[in-house]
Amino acid sequence: MSATSPTAVPSFRSRIGCDARSGYYAAPRRYRLHLALSCPHCLQIAVTHRLLGLDDTLPVTLLPAVPDAPGGGYRALRPLYEASWHQHPGPAVAPVLSDGWTGRIVSTHAPDILRDLTRFGGHGPDLHPRGAEKAIEGVGRLCEQGITWTAQRAGQSGTDSAARDTALATLLSALDVLEWRFASQEYVLGGELSLADVQLWVTLVQLDTVHRHHLDAAAVHRITDHPRLWAYARRLAAHPAFGSRLDLDGIARRHHAHCRGTEAAGAAVQIVDWAAYARRDAGEPVRQPG
């Protein structure tokens, strides 16, 4: 199976507060995001960052698709990690929110970074509508446990067929819930775009571009048989904030670099033509760290 990103407890987990009394507070161009668009956690952050229109307020450095340091980290991030924690024992992984004033890391915890992006203002949609916190968390669990984990389990080589069948059934059940939901509403939580949509869309991208490679064709056809869900995925992909952040080549290279299983027949059954939506904004700079 494919490994996405390290699952260790985050090394750094400070938060962006409301004002100077918070220590870390939102100030234009004080902070920088370090992201690899091939990583699903980084992709969520990148899409949210673009939706909120934070390009001028919170700069982004894009990292290579495949980690280039031992242990799955990035050489370019090692100085930040060392400045923040002398002789840091783990790999220098992304995502990272760094503080340019101190030269240290604020956070490596993707959920916190996602929530704190709204501290920087912007002019995008309200991705955290009041009262929707538990609903957004529920969609996040559905994505992580009901889709991603079960898709990995259903295609895991060396696992008995009963366990794979059970995992596939759980995955299809999760997709059924979402298919039913989209019968009466435009977005996951209703009529407005929210962070739950960013989470779900990235999960669907991973399901189609990574996990289906380890499933048989029959399983992928059953996954495809959710027309409203995949129409939703295509619709969001056509949104510039989503499609412009897709790095299909990077996702493929990251997958093949960490793949631990054999490719199955499902690899030939593409669900969405993501390449039709994976476009960069004209003139968008892509900064690679030295």
Side-chain angles (χ1 to χ4, degrees), residues 2 4 37-51 110 114 124-125 127 135-136 138-152 154-155 168 170-215 217 219-252 254-255 266-280:
S2 64
T4 51
L37 297 181
S38 58
C39 163
H41 300 299
C42 291
L43 181 55
Q44 286 187 30
I45 294 169
V47 170
T48 303
H49 176 273
R50 180 58 56 85
L51 280 169
L114 280 169
L127 298 178
I136 291 174
V139 171
R141 287 192 298 272
L142 179 68
C143 290
E144 182 177 349
Q145 300 171 15
I147 300 177
T148 298
W149 187 87
T150 55
Q152 292 174 335
L168 178 61
T170 303
L171 167 62
L172 294 172
S173 178
L175 300 182
D176 288 343
V177 168
L178 293 164
E179 180 73 8
W180 175 83
R181 186 173 295 196
F182 288 120
S184 59
Q185 58 195 51
E186 188 175 2
Y187 297 104
V188 181
L189 299 186
E192 301 294 334
L193 189 70
S194 72
L195 182 60
D197 294 289
V198 177
Q199 295 172 322
L200 176 57
W201 185 77
V202 171
T203 300
L204 294 175
V205 169
Q206 287 292 116
L207 179 59
D208 190 17
T209 61
V210 175
H211 303 310
R212 71 172 168 84
H213 289 269
H214 300 282
L215 298 168
V220 178
H221 280 300
R222 295 177 70 185
I223 290 169
T224 306
D225 190 24
H226 294 82
R228 297 187 190 95
L229 177 62
W230 293 106
Y232 157 87
R234 289 191 294 271
R235 179 162 51 84
L236 286 189
H239 190 299
F242 290 79
S244 68
R245 311 315 280 162
L246 264 178
D247 180 7
L248 296 172
D249 177 69
I251 291 173
R254 187 184 185 96
H255 169 61
V269 187
Q270 185 180 28
I271 301 173
V272 174
D273 181 11
W274 301 103
Y277 308 103
R279 60 183 185 277
R280 295 275 177 200

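We use all heavy atoms of the structure for the numbers below, so side chains are in, but hydrogens, waters and symmetry mates are not.
For Q270, the CD atom is densely surrounded, since the number of other residues' heavy atoms within 6.0 Å is greater than 12. Around atom CD of E179, more than 12 heavy atoms belonging to other residues, nucleotides or ligands sit under 6.0 Å away.
Residues L178 and L142 form a side-chain contact, since some pair of their non-hydrogen atoms from C-beta on lies under 4.5 Å apart. The shortest side-chain heavy-atom distance between L171 and H211 does not fall under the 4.5 Å cut-off. Residues P240 and R50 have side chains not in contact (no heavy-atom distance under 4.5 Å, counting atoms from C-beta outward). Taking the side chain as every heavy atom from C-beta outward, T150 and L168 never approach each other to under 4.5 Å. In this structure the side chain of I251 reaches within 4.5 angstrom of the side chain of V205, judged on heavy atoms. Looking at heavy atoms from C-beta onward, L127 lies out of side-chain contact with I136 at the 4.5 angstrom threshold.
For the side-chain contact (heavy atoms from CB on, under 4.5 Å) test, residues two or more places apart in sequence or in another chain that qualify with H213 are H255, E263, A267. For the side-chain contact (heavy atoms from CB on, under 4.5 Å) test, residues two or more places apart in sequence or in another chain that qualify with V47 are L43, L51, V198, W201, F242, R245. In this structure F182 satisfies the ring pair (Phe, Tyr, Trp, His ring centres under 6.0 Å) test together with Y232, sequence neighbours excluded. Under the rule for a salt bridge (Lys or Arg N to Asp or Glu O under 4.0 Å), the partners of E186 that lie at least two apart in sequence or sit in another chain are R235. Partners of I271 according to the side-chain contact (heavy atoms from CB on, under 4.5 Å) rule, which considers only residues two or more places apart in sequence or in another chain, are D208, V220, I223, T224, W230. In this structure T203 satisfies the side-chain hydrogen bond (donor to acceptor under 3.5 Å, both in side chains) test with no other residue, sequence neighbours excluded.
To the nearest 0.5 Å, atoms OG1 (T209) and CG (L246) are separated by 8.0 Å. Here the NE2 atom belonging to H49 is positioned 12.5 Å from the SG atom belonging to C42, to the nearest 0.5 angstrom. Taking CG from L200 and CG from L195, the interatomic distance works out to 11.0 Å, rounded to the nearest 0.5 Å. The SG atom of C39 lies 12.0 Å from the CG atom of D247; values are rounded to the nearest 0.5 Å. The CZ atom of R222 sits 11.5 Å away from atom CG of L215, with the distance rounded to the nearest 0.5 Å. Expressed to the nearest 0.5 Å, how far CZ of R234 lies from CG of L229 amounts to 9.5 Å.
Nearest approach of A217 to V269, heavy atoms of both residues: CB-CG2, 4.1 Å. The minimum heavy-atom distance linking L193 with P125 is given by the pair CD2-CG, 4.2 Å. Taking each heavy atom of A110 and H41 in turn, the nearest pair found is CB-CB, 3.9 Å. Across all their heavy atoms, A174 and G146 have their closest contact at CB-O, 3.7 Å. Contact between S38 and Q206 at its shortest, heavy atoms only, is O-OE1, 4.3 Å. In plain terms, the two heavy atoms of A233 and L204 that are nearest each other are CB-CD1, 3.9 Å.
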**OP:** Show the numbers, then the answer: is there a side-chain contact (heavy atoms from CB on, under 4.5 Å) between Y187 and L236?
**Re:** CA-CA 10 Å; Y187 297 104; L236 286 189; 4.0 Å; yes
Subject >> L172 and H226: CA distance, side-chain angles, deciding distance, side-chain contact (heavy atoms from CB on, under 4.5 Å) verdict >> reply: CA-CA 9 Å; L172 294 172; H226 294 82; 4.1 Å; yes
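Under the 3.5 Å distance criterion, the side-chain polar atoms of D197 are matched with a main-chain donor or acceptor of V188.
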